[in-house]
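These notes concern the structure reproduced below.
Residue numbers begin at 1 in each chain, while the letters A, B, ... track the order of the sequences. If you're wondering where the values come from, they're calculated on a predicted model, not measured in any experiment.
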There are 2 protein chains.
Amino acid sequence: MSDNWMSDKELRRLTRGFQALHSVLRLRILAALAERESNVRDLEDVLRVSQPLISWHLTQLRQAGFVTAERVGREVRYQLQPAAFQELVGTIEALLGISLSDEGEINGTLEG
Amino acid sequence: MSDNWMSDKELRRLTRGFQALHSVLRLRILAALAERESNVRDLEDVLRVSQPLISWHLTQLRQAGFVTAERVGREVRYQLQPAAFQELVGTIEALLGISLSDEGEINGTLEG
DNA sequence: CAAATCCATAAATAACCGTTTATATGTCGT
DNA sequence: ACGACATATAAACGGTTATTTATGGATTTG
């Protein structure tokens, strides 16, 4: 069925994506941004961690494409980029030759 | 729309999933297993890396739920577990309140 | 231009993870 | 039970990444 192959370059890009998501704090940042576009200060308040730390993680997330930054006045507004997640999922599907759409839910079988 | 919240425990589990996928070698292992169920020796041949290294990564992938192991004779056959990926995607969708189905493909816009 | 605000970057340290090398566990055949 | 094969685990090392602390750059306000 799937005579699958993927270049090193593509694989590395995939891993960069996963790497950007392997931190609880980053997932929290993303969840916050999913609720509303925010600046660094907002996130600092919501997540209760230092400003440089937020900035650093935002940089990582931006480099991975999961968020975009836009300067407005002295703030920088960060915004979730759902397309990056869709692309990530699409690449996994291609790599593994499986479908990750909700059709998988037909059986309803989940782990224990 | 999404008054989203997720427990620390769930988030940590998500990160464990991403962590398990942030290595090129692991993605290669998964791709190989997507083509055919294999034992450690098979993977060693295909991927050209040492046996303990393969074993270690397989252990990580197994703990994250992406593969299952079944002992048959003196071999251990490893098998891809697509449901784990589907669950991962489902959790991201819940966390971020976005849909990751193929609808994103309507435009056909992919990476550059 | 000075003060205040918002954010990014640098340097130093600590925690984590992958890789190797060596060894142990388990299974089959004789 | 012994030797061969297949896999797992342990210990040690090295590299990478997260976190803190301190500082610099950019922008608005007066």
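- Of the residues B:Thr91, B:Ile92, B:Leu95, the one that meets the side-chain contact (heavy atoms from CB on, under 4.5 Å) test with A:Leu27 is B:Leu95.
- Picking from D:dT20, D:dT19, D:dA18 the nucleotide with the shortest atom distance to the side chain of A:Ser50 gives D:dT20.
- For the residue pair B:Arg71 and B:Arg74, the shortest heavy atom distance occurs at NH2-O, 3.4 Å.
- Scanning DNA chain C 5' to 3' for nucleotides with an atom closer than 4.0 angstrom to a non-hydrogen atom of chain A gives a first and last hit of C:dA4 to C:dT9.
- Side chain of B:Glu75 to main chain of B:Glu70: no donor-acceptor pair is present (N/O by atom type, distance under 3.5 Å, no hydrogens or angles).
- Contact record, B:His57 with B:Ser23: CE1-OG, 4.2 Å, taken as the closest heavy-atom pair.
- Take the nearest nucleotide of DNA chain D for A:Gly73 and for A:Leu25: the residue whose nucleotide is more 5' is A:Leu25.
- Taken residue by residue, residues 56-68 of chain B places heavy atoms nearer than 4.0 Å to DNA chain C at B:Trp56, B:His57.
- Looking at every heavy atom in both residues, A:Arg26 comes nearest to A:Gln60 through NH2-CG, 3.4 Å.
- Remark: side-chain polar atoms of B:Glu93 are paired, donor with acceptor, to backbone N or O of B:Leu100 under 3.5 angstrom.
- Annotation: of the two residues near DNA chain C, A:Pro52 and B:Pro52, the 5′-most nearest-nucleotide partner is A:Pro52.
- Between A:His22 atom NE2 and D:dT16 atom P there is a gap of 14 Å when expressed in whole angstrom units.
- No side-chain heavy atom of A:Leu33 sits under 4.5 Å from any side-chain heavy atom of A:Leu61.
- Put simply, the side chain of B:Glu44 never gets that close to the backbone of B:Asn39: no donor and acceptor are under 3.5 Å apart.
- The backbone N or O of B:Arg12 lies less than 3.5 Å from a partner atom in the side chain of B:Thr15, making a donor-acceptor pair.
- Scanning both residues, A:Gly65 and A:Gln81, for their nearest heavy atoms gives O-CB, 3.4 Å.
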Can you pull every protein N or O that's under 3.5 Å from an N or O on nucleotides 5-7 of chain D?
| unit_1 | atom_1 | unit_2 | atom_2 | d |
| --- | --- | --- | --- | --- |
| D:dT7 | OP1 | B:Val40 | N | 3.3 |
| D:dT7 | OP1 | B:Val76 | N | 3.3 |
| D:dT7 | OP2 | B:Arg41 | N | 2.9 |

